[in-house]
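In what follows, every chain begins at residue 1, and chains take the letters A, B, ... in the order their sequences are listed.
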Number of protein chains: 2
Amino acid sequence: MIGVSTNIFLFLSLMHNQSLESPYDLIFKNIARYIELTADEKELYKSFLKEGSAKRKEFVMLPGEITKYEYFVTKGCLKVYSLDRNGVEHVSMFAIEDYWTGDMASFMTQQPSTYFIKALEDSEFLMINKENFEQLFQEIPKFERFYRNLYQSSLVNYIRRTNQGIALTAEERYEIFLSRYPHVANRITQKDLAAYLGITPEFLSMIRSRMSKR
Amino acid sequence: MIGVSTNIFLFLSLMHNQSLESPYDLIFKNIARYIELTADEKELYKSFLKEGSAKRKEFVMLPGEITKYEYFVTKGCLKVYSLDRNGVEHVSMFAIEDYWTGDMASFMTQQPSTYFIKALEDSEFLMINKENFEQLFQEIPKFERFYRNLYQSSLVNYIRRTNQGIALTAEERYEIFLSRYPHVANRITQKDLAAYLGITPEFLSMIRSRMSKR
DNA sequence: CAGTTTTCTTAAACTACTTTATTTTTCCGC
DNA sequence: GCGGAAAAATAAAGTAGTTTAAGAAAACTG
């Protein structure tokens with residue numbers, strides 16, 4: 001899980017009172033974790049963003065496309081995944097409110113993506129394209145610092161997940177996911193969670209019944 | 001493999017003619033991938049670094065310690081690894097010349113590390129401590145950009161490795177490692193490579209004999 | 001270069017996870 | 001609230017990778 005949510009409680013309060021927060025309030029709070037923006041800078045940044053949305057089951061991105069945007073989810077839940085050569089689905093991350101997502105490799109290198117991004121719920125997000133992303137660093141150099149910190153946190157999470165994938169059993173990984181991302185776990189299906197954990201839904205089901213018998 | 005080597009050929013030329021390059025030339029070339037430093041800035045940066053070395057089989061870092069430094073390898077090869085609760089070794093990365101390494105999570109959060117760093121060959125490196133790391137961004141803000149880019153590349157590599165770990169068989173991961181990091185592969189033992197791939201040395205040996213029979 | 005330690009190989013028994021198939025339960029679009 | 005589709009549970013047979021053990025090859029150390 002790359003995106004590094006600012007704060008679970010912020011997200012929970014949003015759940016109960018979504019209309020009070022605009023999508024921009026959420027993204028500014030996210031950015032304020034690492035840098036402070038002046039009112040002018042906020043306006044400029046806002047002008048670099050585009051609003052997007054997708055209904056449940058709609059695709060936000062398809063493999064083969066050159067990734068145009070990085071996404072910041074303001075409502076709903078996106079699933080980022082790919083298919084291996086046997087057609088088996090592998091989920092790279094779930095992005096809920098306050099998470100950044102996209103295909104970073106494709107966005108950075110402008111090579112075709114190998115990922116699908118699909119909305120699991122009716123979703124809304126803010127998007128920044130490659131030109132604006134580059135421009136951002138020219139206009140507001142502080143953003144170098146923001147992204148340096150964002151990527152730093154993401155890396156720590158990825159390193160952890162890589163090592164877990166190698167060192168732990170599926171059951172252990174499942175338990176860790178439940179305790180670390182409970183608010184994600186109860187929004188997604190077991191099938192999708194299995195695809196994130198790297199196991200079959202049948203085996204996840206077995207794990208669950210084994211665990212409940214203890 | 002996190003560190004993102006600038007250039008294999010640079011490294012190869014170093015192998016043949018090490019005395020001509022100082023460790024600082026190497027790190028400045030590494031940094032020049034993303035930002036340009038003035039002579040003054042180079043001097044200042046140099047003053048933030050410390051030189052270190054370790055003989056073959058010596059430990060550079062032990063678990064339990066709070067990580068003091070990030071390391072840039074200028075000679076030799078370091079192995080970053082941890083032990084799981086069964087005492088099985090899991091290699092997180094090999095760092096050769098021109099690679100950055102360390103325990104980023106521990107360095108950033110100043111929590112005790114869970115990693116060993118051990119020299120596989122007589123090695124030399126440059127180190128930056130946490131205070132100087134923070135200071136660096138105050139004194140030379142350009143470094144935000146450098147690290148933003150460095151972390152970006154590392155993330156792309158990590159995302160790739162995570163997905164490979166889940167989607168591919170051990171044999172496929174072995175072949176990919178060989179073609180992607182041939183210069184690392186022939187400097188390390190099969191035992192260490194197996195611990196990187198997440199399999200037993202016995203199984204790697206089996207894979208190799210299976211492959212050679214084709 | 002001899003002795004010792006470590007690494008590598010091979011092979012048989014074992015385990016975590018997959019595959020395939022069937023049944024039951026949940027969900028969501030009308 | 002109903003009908004159809006998707007998800008979840010259960011179970012049996014199969015496979016990728018582990019474990020244990022023992023011998024052969026390589027590689028440090030004195």
Original post:
Phosphate oxygens OP1/OP2 of D:dT18: is one of them under 4.0 Å from a side-chain N or O of B:Thr200?
Top reply: yes
**OP:** Quickly, which of B:Phe177, B:Tyr181, B:Tyr174 forms a ring pair (Phe, Tyr, Trp, His ring centres under 6.0 Å) with B:Tyr196? Name it, please.
**Re:** B:Phe177
**OP:** Give me the one residue out of A:Trp100, A:Phe146, A:Tyr147, A:Tyr71 that meets ring pair (Phe, Tyr, Trp, His ring centres under 6.0 Å) with A:Phe133.
**Re:**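 Filter result, single survivor: A:Tyr147.
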Subject >> Upstream residue (5' side of DNA chain D) when B:Ile207 and A:Phe203 are each assigned their closest nucleotide >> reply: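 The residue mapped nearer the 5' terminus is A:Phe203.
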**OP:** Report the residue (B:Leu168 or A:Ser205) whose heavy-atom-nearest nucleotide on DNA chain D is the more 5′ of the two.
**Re:**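 Its nucleotide being nearer the 5' end, the pick is A:Ser205.
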**OP:** For A:Arg56, answer base if it contacts any base atom (sugar-phosphate contacts may also be present), sugar-phosphate if it contacts only those atoms, and nothing otherwise; contact means non-hydrogen atoms under 4.0 Å.
**Re:** sugar-phosphate
**OP:** Tell me what A:Thr189 touches on the nucleic acid: a base, only sugar-phosphate, or nothing, going by heavy atoms under 4.0 Å.
**Re:**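 The answer is sugar-phosphate, as A:Thr189 gets under 4.0 Å only of primed atoms, P, OP1 or OP2.
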May I have the distance from [X] (atom [atom1]) to [N] (atom [atom2]), rounded to whole angstrom?
X        : N      : atom1 : atom2 : answer
A:Leu204 : D:dA7  : CG    : P     : 14 Å
A:Gln190 : D:dT10 : CD    : C1'   : 13 Å
A:Leu193 : D:dA6  : CG    : P     : 20 Å
B:Leu120 : D:dC28 : CG    : C1'   : 15 Å
A:Asn86  : C:dT20 : CG    : P     : 11 Å
A:Glu171 : C:dT15 : CD    : C1'   : 14 Å
A:Arg208 : C:dT25 : CZ    : C1'   : 13 Å
B:Met211 : C:dT10 : CE    : P     : 14 Å

Of all the choices, [options], which nucleotide is nearest to the side chain of [X] once you look at every atom?
X        : options                : result
B:Glu202 : C:dC17, C:dT9, D:dT10  : C:dT9
A:Lys191 : D:dG17, D:dA7, C:dT9   : D:dA7
A:Ile199 : D:dA11, C:dG29, C:dC17 : C:dC17

**OP:** Look at the side chain of A:Asn129 and the backbone N and O of A:Tyr69, then say whether any donor-acceptor pair between them is shorter than 3.5 Å.
**Re:** no
Subject >> A:Ser106 and A:Ser113: side chain donor to acceptor below 3.5 Å >> reply: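 There is no such pair between these side chains.
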Subject >> Charged N-O contact under 4.0 Å between A:Arg85 and B:Glu172 >> reply: yes
